[in-house]
Amino acid sequence: MNTALLAAFAAYFIILLAVGLFSHKKQTSSSDFIIGNRSLNFWLVALSAHASDMSAWLFMAFPVMIFVLGPSQVWVAIGLLLGMFLNWQFVAPRLRSMTEGYESYTLPSFFEKRFADTSGLLRFTSAVVMTIFLTHYLSAGMIAMGDLLESIFELNYYFGLSVAICVVVTYTFFGGFTTVAWTDLFQAVFLILMIILVPFVAYQWVGGWSAIDQAAAQQEISLSFFSDGNSSFLNTLAVAFAWGVGYFGMPHIITKFMGIRDVADMHKSKWLGMSWQLVALSASACVGLVGIAFFPSGLEKPAMVFVEMVKQIFPVFFGGFILCGVIAANMSTMDSQILVCSSIISEDLYRHFYFPPPDDKRVLLVSRISVILVALVAMVFAMDRSATVLDTVFYSWSGLGSAFGPLVLMSLYVPMANKYGAFSGIVVGTLIVMVWPSLNPLVMDFELPPMIPGFLLSGVAIYLVSRLTKSKVAISAAS
């Protein structure tokens with residue numbers, strides 16, 4: 001094991017823990033723990049929300065798409081930018097205002113109060129579906145984390161993963177939403193500096209654009225934004241659309257909107273966050289583009305293009321510290337997912353269904369215990385390293401986006417939507433994502449991402465069922 005690499009790894013984790021402990025504030029209520037008592041400033045909300053979004057995908061999955069298939073894959077980034085912009089524009093302000101009006105700290109509790117469901121079924125169903133998909137998503141991040149620590153820092157997969165999870169659980173357990181936001185802020189700044197630095201230096205290293213152009217020609221990689229040698233351009237646009245619309249249903253991202261102190265500052269958060277995302281995705285694309293010339297003979301593991309680039313350019317300790325940017329991207333997603341799952345368990349399952357109703361201190365304790373339990377369950381799943389990380393993430397993204405994306409939008413903008421429609425939308429969105437891979441070849445030759453039919457049919461189900469049960473809801477309200 002390289003001592004300098006291990007020192008870089010240890011230094012980063014010590015800094016991260018220090019940030020977490022420094023930002024820690026005493027939690028006196030579940031509202032403090034779950035959404036920071038809606039007290040965060042605009043720049044903290046902006047960078048925390050975007051850091052929660054950009055996992056190791058930013059350093060590995062997206063660069064390899066450009067590295068192998070060329071700049072046409074940049075449409076995926078455009079889809080992400082458009083999706084997140086629409087999220088800021090149409091979801092963030094209304095969700096912040098309406099959740100405060102309904103005194104809701106989680107999405108399941110908001111759905112229950114917004115649709116006046118007194119049965120508890122809507123809250124329970126949304127809480128369970130959300131927790132399952134988020135835990136699945138979290139386990140994929142853990143697998144990626146273990147693989148990264150093993151390949152970058154030469155640590156045993158299980159040991160490295162255990163250390164990383166202990167760090168995440170420690171600051172999340174003690175600090176809740178506010179501490180997670182501050183650590184995400186630190187990691188957002190750190191990772192964007194690293195992902196800008198590396199392609200800038202590598203570009204000079206390879207000799208500029210002419211070297212990239214020559215290497216691309218030799219490898220028969222088109223540098224056009226409208227060509228794709230290995231898959232249809234239509235497929236690229238479909239994937240871009242699927243990633244983009246998924247934002248509307250991502251609990252670990254949109255719950256960050258609920259924590260801002262003043263909803264009037266949301267536009268500042270939007271422009272700061274979107275600027276950060278634009279720079280991060282542009283730099284990530286440059287990593288893949290420069291990699292074409294940097295590795296003219298290709299790589300045995302193309303997803304490691306950023307890692308291998310850093311190893312060849314920078315001294316060992318400094319390079320190891322730069323590579324912690326990949327770890328930062330992953331951890332900033334994982335801590336938010338753990339927090340959302342623990343909040344759902346404590347607020348939507350324990351508080352709501354436990355009898356007699358528990359006091360706030362007990363709910364806060366259950367929130368903290370749930371942080372540990374969620375991390376342990378996801379870690380058990382992560383012990384199975386056979387799963388493909390990108391496929392697992394996309395499946396979870398599709399599940400959350402289809403089940404909750406249309407519901408979030410219609411709960412904010414469609415007054416006629418009711419609890420029956422909401423329940424139907426969750427069920428339809430979830431089922432379509434589960435069965436679509438088997439149905440797709442029977443319906444069409446084109447491989448359509450499950451997010452697209454799942455999102456559209458979920459929205460249709462909410463509208464139609466709400467319309468059909470309109471009189472039933474009116475009778476129920478009158479009685």
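Since this is a predicted model, take the numbers as computed values, not measurements.
Using a distance-only test at 3.5 Å, with no hydrogens or angles considered, no donor-acceptor pair links the side chain of E308 to the main chain of L299. In this structure, S342 contributes its side chain and L339 its backbone to a donor-acceptor pair below 3.5 Å. Not a single donor-acceptor pair under 3.5 Å links the side chain of D348 to the backbone N or O of A127. Distance alone, capped at 3.5 Å, is enough to place a donor-acceptor pair between the S269 side chain and the F42 backbone. When atom types are taken as modelled, the side chain of S48 and the backbone of V45 share no donor-acceptor pair closer than 3.5 angstrom. For the pair N87 (side chain) and Y247 (backbone), a donor-acceptor distance under 3.5 Å is present. Here the side chain of T179 pairs no donor or acceptor atom with the backbone of G176 at under 3.5 angstrom. Under a 3.5 Å cut-off, the side chain of T172 and the backbone N or O of V169 do not form any donor-acceptor pair. A side-chain donor-acceptor contact under 3.5 Å links N440 to the backbone of L448. Listed for the R123 side chain is no donor-acceptor partner under 3.5 Å among the backbone atoms of F111.
Residues H252 and L134 are in side-chain contact: their nearest non-hydrogen atoms beyond the backbone lie under 4.5 Å apart. Side-chain contact between Y137 and M142 is absent, with no heavy-atom pair separated by less than 4.5 Å. The side-chain heavy atoms of S402 and T430, taken from C-beta on, include no pair separated by under 4.5 Å. Proximity of I313 to V201: side-chain heavy atoms (C-beta onward) are separated by under 4.5 Å at one or more points. Taking 4.5 Å as the limit, some side-chain heavy atom of M274 sits within range of a side-chain heavy atom of H50. Side-chain contact check for L138 versus C341: every heavy-atom pair is 4.5 Å or farther apart. Using a 4.5 Å cut-off on side-chain heavy atoms (C-beta onward), N41 and L44 make contact. Between E150 and L155 the shortest side-chain heavy-atom distance does not fall below 4.5 Å.
No more than 12 heavy atoms of other residues, nucleotides or ligands shown are found within 6.0 angstrom of CD on E447. Y350 OH: more than 12 foreign heavy atoms inside a 6.0 Å radius.
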message: Run the ring-ring contact (aromatic ring centres under 6.0 Å, His included) test on W243 and F394 for me, step by step, so that the C-alpha distance in whole Å, both residues' side-chain angles and the decisive distance to 0.1 Å come before the verdict.
response: CA-CA 8 Å; W243 281 109; F394 192 55; 5.0 Å; yes

- prompt: V167 and M331: side chain to side chain contact (heavy atoms under 4.5 Å, CB included), yes or no, with the steps?
  reply: CA-CA 9 Å; V167 173; M331 292 179 74; 4.0 Å; yes

- request: Please report the C-alpha distance between I254 and L107 in whole Å, then the side-chain angles of each, then the deciding distance to 0.1 Å, and finally whether the side chain to side chain contact (heavy atoms under 4.5 Å, CB included) criterion is met.
  value: CA-CA 9 Å; I254 64 177; L107 287 178; 3.6 Å; yes

field: Criterion side chain to side chain contact (heavy atoms under 4.5 Å, CB included) on L323 and F318, from CA distance to verdict
entry: CA-CA 9 Å; L323 291 174; F318 187 57; over 6 Å; no

task: Go through the steps to decide whether F455 and L409 satisfy the test side chain to side chain contact (heavy atoms under 4.5 Å, CB included), and finish with yes or no.
output: CA-CA 11 Å; F455 188 93; L409 290 173; 4.1 Å; yes

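With rounding to the nearest 0.5 Å, the separation of OG1 in T106 from CD1 in I35 is 9.5 Å. Interatomic distance, CD1 of I327 versus CE of M194, reported as 14.0 Å (0.5 Å rounding). Rounding to the nearest 0.5 angstrom, the gap separating the OG atom in S284 from the CD atom in Q277 is 11.0 Å. In this structure, CE on M250 lies 4.5 Å from CG on L400, to the nearest 0.5 angstrom. Atoms CE and OG, from M379 and S162 in turn, are 3.0 Å apart once rounded to the nearest 0.5 Å. Note: L47 CG to S332 OG = 11.0 Å, rounded to the nearest 0.5 Å.
The shortest heavy-atom contact between I34 and E347 is CD1-OE1, 3.7 Å. Heavy-atom minimum distance, L161 versus L149: N-CD1, 3.9 Å. Considering every non-hydrogen atom in both I192 and V189, the closest pair reads CG2-O, 3.3 Å. Residue V433 comes nearest to P437 through the heavy atom pair O-CD, 3.5 Å, listed as atom of the first residue, atom of the second, then distance. The shortest non-hydrogen separation linking I426 to S126 is CD1-CB, 3.8 Å. For the pair P199 and V290, the tightest heavy-atom approach, listed with the atom from each and the gap, is O-CG2, 4.1 Å.
Of the residues listed (T255, T183, D184), the one engaging S336 in a side-chain hydrogen bond (donor to acceptor under 3.5 Å, both in side chains) is D184, and it is the only one.
Between W75 and F225, a ring centre-to-centre spacing not shorter than 6.0 Å is recorded. For H136 and Y395, the ring centers sit closer than 6.0 Å to each other. Taking the six-membered ring for Trp, F190 and Y12 have ring centres closer than 6.0 Å. Proximity of the aromatic rings of F85 and W271 is defined here by a centroid distance below 6.0 angstrom, and this criterion is met. Ring pair W182/Y171: centre-to-centre distance not below 6.0 Å.
Under the 3.5 Å distance criterion, with hydrogens and angles disregarded, no donor-acceptor pair is assigned to the side chains of D53 and T333. With hydrogens and angles left out, the side-chain atoms of S367 and S370 include no donor and acceptor closer than 3.5 Å. Using modelled atom types and a 3.5 Å distance limit, the side chains of T99 and R38 yield a donor-acceptor pair. Between the side chains of Y157 and D147, no donor N or O sits under 3.5 Å from an acceptor N or O.
A tilted orientation is assigned to the rings of F257 and W88, their planes being inclined by 30° to 60°. Relative orientation of the F59 and F306 rings is perpendicular, given thresholds of 30° and 60° on the angle between their planes. Ring geometry for F90 against Y413 counts as perpendicular: the plane angle is over 60°, on a 0 to 90° scale with 30° as the lower cut.
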